[in-house]
Amino acid sequence: MMRIEVLKRLQEQSEAEADEVRQVLAQNRVTLINVMGSPGSGKTTLLEATLKRLTTDLKCAVLEGDLATLQDAERIADLGVPVAQLLTEGGCHLKPNLVHSALLRLDLSAIDCVFVENVGNLVCPANFDLGEHTRVVVLSVAEGDDKTSKYPYMFKQADAVVVSKLDLLPLCRFDPARTRREMHALNPKAAVFEISAVQETGLEAWVRWVHHAVEQCSTGLR
Amino acid sequence: MHELSIAQALLDTALTTAAEHGAKRIATIRLRIGGLRQVVEESLRQAFDILSEGSIAEGSVVRIDWVPSVWRCGVCGCVVGAEDAADTCSCGSREFSFEGSDDLVLTSVDLECDDDED
């Protein structure tokens, strides 16, 4: 019997694939934003509201990740935004190789920013670097304010948390101050936004942040 | 079920190491998993058993060294559960810090080689 010390990180293969995505993005000067959150947290609705405000000065595209159906891609296509649907057929998270092949189907020379809407799930997507520049987690007030401490990996890696469906706050057990406090413990650099896409409140600060993220990224690429 | 992807990476890495050393069987695999990964042990073991079937890793003993995550009071330093991090510490503080590991590391393998004595 022979004991071999290996000390190899198991995410190496996946990270190498994410590096390939980063290469494609750098070559084309495109920013990739990975949008994550529970099913029904309002990811697609946030994207719709954001795209309406961004598309005047930024050329955007969307990769829609879902287990099944084309419904979310159709909602984005209705806005006239280029979109590709990624179907995982039961897979609970997107992987970088899937994002890579979808990116190659877009005309990247005509795009500044690609949003990836990940599969609705607060656990698995946190484990996979897609090659993105920025990670955003959408947390609706209807889910409860305990999610940050229950899913620390997801929130710890977020560059921004968008607290959504703020119009439902009077009906929900959700203390936005708790989200801010726990986010401060998990990742003090993360920005926290409170929005209602339906009532169109709180979107300006969030859209400014996206703009800033894209600017920073393109400066970094130059 | 990110456990399936982890089990596949674990198997691939172990098999590569075994091939490099000309092993005929992998007896034991040791790995270290940080609490942040939220890995379900039963799912990981089940996935590994299925994926390793028919390979030289079939029947390997998988030993997992878990690295737990903790919420710690920023004032008195005591460790609290995730459910208490939303409240006030017994010392009166409401400041907590989070310490968590996202390790996902194959630490070592025990290999049986041709020149092993039975």
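The sequence lines fix the lettering, A, B, ..., with proteins before strands; numbering per chain opens at 1.
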- Message: side chain to side chain contact (heavy atoms under 4.5 Å, CB included), that's the test. Do Ile33(B) and Val105(B) meet it? Break it down for me.
- Response: CA-CA 7 Å; Ile33(B) 304 177; Val105(B) 180; over 6 Å; no
- Could you walk me through whether Glu143(A) and Ser140(A) pass the side chain to side chain donor-acceptor pair (under 3.5 Å) test, one step at a time? CA-CA 6 Å; Glu143(A) 292 166 64; Ser140(A) 69; 2.8 Å; yes
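Panel note: side chain Thr107(B), backbone Arg30(B); a donor-acceptor pair is recorded below 3.5 Å.
Counting non-hydrogen atoms of neighbouring residues, nucleotides and ligands closer than 6.0 angstrom, the NE2 atom of His100(A) exceeds 12 such neighbours. Gln71(A) CD: 12 or fewer foreign heavy atoms inside a 6.0 Å radius.
With a 4.5 Å cut-off on non-hydrogen atoms, Gln13(A) does not touch chain B at all. Heavy-atom distances place no part of Asp146(A) under 4.5 Å from chain B, backbone and side chain included. Only the backbone of Lys150(A) comes within contact range of chain B, judged by heavy atoms closer than 4.5 Å. With a threshold of 4.5 angstrom between heavy atoms, Arg25(B) does not approach chain A through any atom at all.
Within residues 48-58 of chain B, no residue has any heavy atom less than 4.5 Å from a heavy atom of chain A.
No other option in Leu36(B), Val39(B), Leu31(B), Asp102(B) has as many heavy-atom pairs under 4.5 Å with chain A as Leu36(B). Interface check for chain B: of the options Leu7(A), Leu186(A), Ile4(A), the most heavy-atom pairs under 4.5 Å are formed by Ile4(A). Listed options Asp103(B), Thr13(B), Asp12(B) were ranked by heavy-atom pairs under 4.5 angstrom with chain A; first place goes to Thr13(B).
Aromatic pair Trp71(B)/Phe96(B): centroids not less than 6.0 angstrom apart.
Pairs of residues two or more places apart, or lying in two chains, never qualify as ring-ring contact (aromatic ring centres under 6.0 Å, His included) while including a residue from residues 139-183 of chain A.
Using a 4.5 Å heavy-atom threshold, the side chains of Ile6(B) and Leu10(A) count as touching.
Counted by atom type alone, Thr148(A) and Glu182(A) present one or more donor-acceptor pairs between their side chains at under 3.5 Å.
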